[in-house]
Amino acid sequence: MNKLKKRQSQNMDKSTVTMTGILSLPLRIGEHAWIRTNRQYFTTSLVLKILEVSEDGIKFETCNTIYHLKYAVIPSESGVMCA
């Protein structure tokens, strides 16, 4: 399920977006973030800071927004793994 919440940050003029998805490319400062959700692909404005990294998500700041991306669990197509 794709969750997207947008709210105004208390200490900054930037809004905060919380969503579930995955990064399509590695996240790099000075470049756009490419995010894939269940329904769409989209890009952000330039990444300014990577604020927090964990096993289940990442928090980063762009020119316009603070994103909290919770990683989507991608189900495997089958139980068979190839070596």
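Throughout, numbering of the chain's residues begins at 1 and tracks the sequence.
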Between L69 and M19, is any pair of side-chain heavy atoms under 4.5 Å apart? yes

Quick one, K14 and L48 - any side-chain contact, counting heavy atoms below 4.5 Å? yes

Y67 side, atom OH; I50 side, atom CD1 - distance, nearest 0.5 Å: 14.5 Å

Does a side chain donor of either S54 or D56 reach within less than 3.5 Å of an acceptor in the other side chain? yes

Say you draw a straight line from CD1 of I22 to CZ of R36; how long is it, rounded to the nearest 0.5 Å? 3.5 Å

Cluster link I58 to F42, ILVMFWY, side chain under 4.5 Å: yes

Just distance, no hydrogens or angles: give the donor-acceptor pairs under 3.5 Å from side chains in residues 24-35, sequence neighbours left out.
from : atom 1 : to  : atom 2 : distance (Å)
H32  : ND1    : T44 : O      : 2.6

Contact between V17 and I66 at the side-chain level, heavy atoms closer than 4.5 Å - yes or no? no

Please report the interatomic distance NE2(H68) to OG1(T16), rounded to the nearest 0.5 Å. 10.5 Å

Quick check for you: to the nearest 0.5 Å, what is the distance between K70 atom NZ and K59 atom NZ? 10.5 Å

Please tell me whether Y41 and L23 are part of a single hydrophobic cluster in this structure, the criterion being side-chain heavy atoms less than 4.5 Å apart. no

Please report the closest heavy-atom contact between N64 and S45, naming both atoms and the distance. ND2-OG, 3.4 Å

